[in-house]
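Inspection log for the structure reproduced underneath, given as structure tokens.
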Amino acid sequence: MPSNDVRILAQAAVPTAAVGVIAAVVSGVVAGGKGAIGAVVGTLVVIAFMGLGLYVLQRTARSFPQLFQMMGLMLYAAQLLLLVIFVALFKNTTLFNPRAFAIVLVVATLTWIAAQTRAHMKAKILYVDPDASSKGDKPEKTGHSS
């Protein structure tokens, strides 16, 4: 992964993990050990789903830039659908507290989205390839010309 991608991943994962730790402590106090386990599992699921999604989206942006926006919308819809399915599968589990799990899943997802948005806004990503002009490539004309 290029350094910008790693930086954005870290800037989204670290706040999400911090919120997960706080949520695990609060869930442990409110719902006991099973609440803390539910919070940790919820946080790990969000970091895994969203991290994998960010990786797929960055690969798509490099390989097929024309599909980037459509892929981003489809990816977020698929992630949210998978998270809903994950909650539905584990709603009657005895391994952890399902309520703590679901609440932390939502809070961690919102934290990830906010942190990733902030990271993208702060990133200094070039939208013009500076190497293209040094290699002698002619810039491609785009748009309508009269």
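Throughout, numbering of the chain's residues begins at 1 and tracks the sequence. Hydrogens, waters and symmetry mates play no part in the numbers below; they use all other heavy atoms, side chains included.
Closest of all the heavy-atom pairs between Gly35 and Ala100 is O-CB, 3.7 Å. Shortest non-hydrogen contact noted between Ala24 and Val40 is CB-CG2, 3.9 Å. Of all the heavy atoms in Ser27 and Ala39, the pair that sits closest is OG-CB, 3.8 Å. Nearest heavy atom pair, residue Ala13 against residue Ile47, reads O-CD1, 4.3 Å. Closest non-hydrogen pair, Leu105 versus Gly42, comes out as CD1-O, 3.5 Å.
Separating the OG1 atom in Thr111 from the CD atom in Gln116 is a distance of 12.5 Å, to the nearest 0.5 Å. Between atom CG of residue Leu75 and atom OH of residue Tyr55 there is a gap of 13.5 Å, rounded to the nearest 0.5 Å. Note that the OH atom of Tyr76 and the CE atom of Met50 stand 6.5 Å from one another [nearest 0.5 Å]. Note that CZ of Arg59 and CE of Met71 are 11.0 Å apart. Values are rounded to the nearest 0.5 Å. Separating the CG atom in Leu9 from the CD atom in Gln58 is a distance of 9.5 Å, to the nearest 0.5 Å.
Between Leu52 and Gln79 there is no side-chain heavy-atom pair separated by less than 4.5 Å. Side-chain contact between Asn97 and Ile37: absent, with no pair of heavy atoms (C-beta onward) separated by less than 4.5 Å. With a 4.5 Å cut-off on side-chain heavy atoms, Thr43 and Val104 count as touching.
Put simply, Leu83 and Leu95 are part of the same group of oily side chains (I, L, V, M, F, W, Y) that touch within less than 4.5 Å, one to the next. Under a hydrophobic-cluster definition in which Ile, Leu, Val, Met, Phe, Trp and Tyr are linked whenever side-chain heavy atoms come within less than 4.5 Å, directly or via other members, Leu73 and Leu81 are assigned to different clusters. Both Ile113 and Leu54 are assigned to one and the same hydrophobic cluster, defined by single-linkage of ILVMFWY side chains at heavy-atom distances under 4.5 Å. Linking Ile, Leu, Val, Met, Phe, Trp and Tyr whenever their side-chain heavy atoms come within less than 4.5 Å puts Phe96 and Val46 in one cluster. Both Leu82 and Leu89 belong to a single network of hydrophobic side chains, linked directly or stepwise wherever heavy atoms of I, L, V, M, F, W or Y lie under 4.5 Å apart.
The local environment of CD in Gln66 is crowded, with over 12 non-hydrogen atoms from other residues, nucleotides or ligands closer than 6.0 Å.
Ring pair Phe86/Phe101 is tilted by interplanar angle, where 30° to 60° counts as tilted.
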